Amino acid sequence: MADVWQSAMDHAVAVARKAGQVVREAVQSVHKEAVMVKSSSVDLVTQTDQKVEKLIIQSVKEKFPKHSFIGEESVAAGEVCTLTDSPTWIIDPIDGTTNFVHTYPYVGVSIGFSVNKQVEFGVVYSCLQDQMFTARRGKGAFCNGEPLQVSNQQDIHQALIAAEFGSNRDVQTVEKIFSSLKKVVSIPVHGVRGAGSAAINMCLVASGCVEAYYEIGIHVWDIAAGSLIVSEAGGVLMDVAGGPLDLMSRRVLAANNQKVAERLVKEIDAFRPIRDDAPLTE
Ligand code: LIP
């Protein structure tokens, strides 16, 4: 039976690649870019973030005019962030903006696509490394066309874990993040790493490079594409407190298997940020 969303996925890959080219060109002169801030002094955004998101959305609208969008910079500009049953493109134009500003080489163009609130395909282009991660529901996950498979490690003590500090610097939030990090390190695990991009961290889980990734404070556009790439590579997704992943909760735990995931849940201080779909305050 024809896959009705294949043409949309093909377009996502093509526009992610084109967006990645724009990012690669921009990074050559990123020191000349104005760096702006959003929710905190370390939550960065540049004109390239905004330009790339517009490029992606305009390109998609030409082919799929009735589809909906959730874009990081569109939401930052005041658009609502509500996930409906409508075919929806969930876009982070530059996941790892801080990396981009510092020319740290983990910068992902992330495009997730959901229908009836279920991710149907995910595309993450790690554009400074020219690695195109893709997944179509039920059809596997790939990097540059090569199949991906999560790690088969069952022992948390032999695991490498990805985690991030995020961009919230409230004292209480930082305390909770470091409290969880200390408990995870002290399990002990082999080590903790962070790409500085949620989407690329999830692709590292899917690739078997790390056994798990968790974070509180991310957004739906950071994880939508990566969530399918992980599950199609044989991994599991859940909330940091256990239970099903809620894309709008700003909490994510992606792991190679249930055993590793559940062991990490015991160590994470599962605080609740304001949801992505929370009503806008006046
Ligand atoms: C980033 C996430 C990362 C998080 C950063 C930031 P952005 O997304 O990918 O996991 O720790 O604080 O939110 O802002 O670069 O698109």
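Atoms considered below: every heavy atom in the structure, side chains included; atoms not considered: hydrogens, waters and symmetry mates. Both ligands and their constituent atoms are indexed starting at 1 by order of listing. Only a predicted model underlies this, so the values are computations on that prediction, with no experimental measurement involved.
- Below 4.0 Å from some heavy atom of Glu72 lie the following atoms of ligand 1, by number and element: 14 (O), 16 (O).
- In summary, the atoms of ligand 1 found under 4.0 Å from a heavy atom of Ile94, numbered by their order in the structure, are 15 (O), 16 (O).
- Taking every non-hydrogen atom of Gly96 and a distance limit under 4.0 Å, the qualifying atoms of ligand 1 come out as 7 (P), 15 (O), 16 (O).
- Using a 4.0 Å cut-off between charged nitrogen and carboxylate oxygen, Lys38 and Glu73 count as a salt-bridge pair.
- Looking only at distances, no side-chain donor or acceptor of Asn116 sits under 3.5 Å from a matching main-chain atom of Gln118.
- Atom 2 (C) of ligand 1 is flagged as protein-proximal [any protein heavy atom, distance under 4.0 Å].
- Not close to ligand 1: Asp49, with no non-hydrogen atom less than 4.0 angstrom away.
- What sits closest to atom 10 (O) of ligand 1 on the protein, heavy atoms only, is Glu215 OE1, 2.7 Å.
- Counting atoms of ligand 1 from 1 in the listed order, those under 4.0 Å from a heavy atom of Ser167 are 12 (O).
- In terms of polar-atom proximity, Asn201 is not counted as a contact of ligand 1, lacking any N or O under 3.5 Å from an N or O of the ligand.
- In this structure, Phe165 and Phe178 have parallel ring planes: the angle between them is below the 30° cut-off, well short of the 60° mark.
- For Asp49 and Thr46, the side-chain atoms include at least one donor-acceptor pair closer than 3.5 Å.
- For the 3.5 Å distance criterion, the side chains of Glu62 and Gln58 fail to qualify, holding no donor opposite an acceptor.
- In this structure, the protein non-hydrogen atom closest to atom 8 (O) of ligand 1 is Asp95 OD1, 3.0 Å.
- Ser151 and Glu211 make their closest contact through OG-OE2, 2.6 Å (heavy atoms, listed as atom of the first residue, atom of the second, distance).
- Proximity of a side-chain donor or acceptor of Asn168 to a complementary backbone N or O of Asp170 within less than 3.5 Å is detected.
- Nearest heavy-atom pair, Ala261 versus Leu253, reported as atom, atom and distance to 0.1 Å: O-CD2, 3.5 Å.
- In this structure, Trp5 has its ring center closer than 6.0 angstrom to the ring center of Phe113.
- For a threshold of 3.5 Å applied to N or O pairs, the pair formed by Ser197 and ligand 1 contains no separation below that value.
- The Gly166 neighbourhood of ligand 1 comprises atoms 11 (O), 12 (O), with distances under 4.0 Å to a heavy atom of that residue.
- Within the listing of ligand 1, atoms 2 (C), 3 (C), 9 (O), 10 (O) sit less than 4.0 angstrom from a heavy atom of Ala198.
- Regarding atom 16 (O) of ligand 1, its nearest protein heavy-atom neighbour is Asp92 OD2, 2.8 Å.
- Comment: Arg250 does not engage Asp277 in a salt bridge, judged by the lack of any side-chain N to carboxylate O separation of less than 4.0 angstrom.
- Listed by atom number, the atoms of ligand 1 under 4.0 Å from Thr97 heavy atoms are 15 (O).
- In the vicinity of Ile218, heavy-atom distances shorter than 4.0 Å reach the ligand 1 atoms 10 (O).
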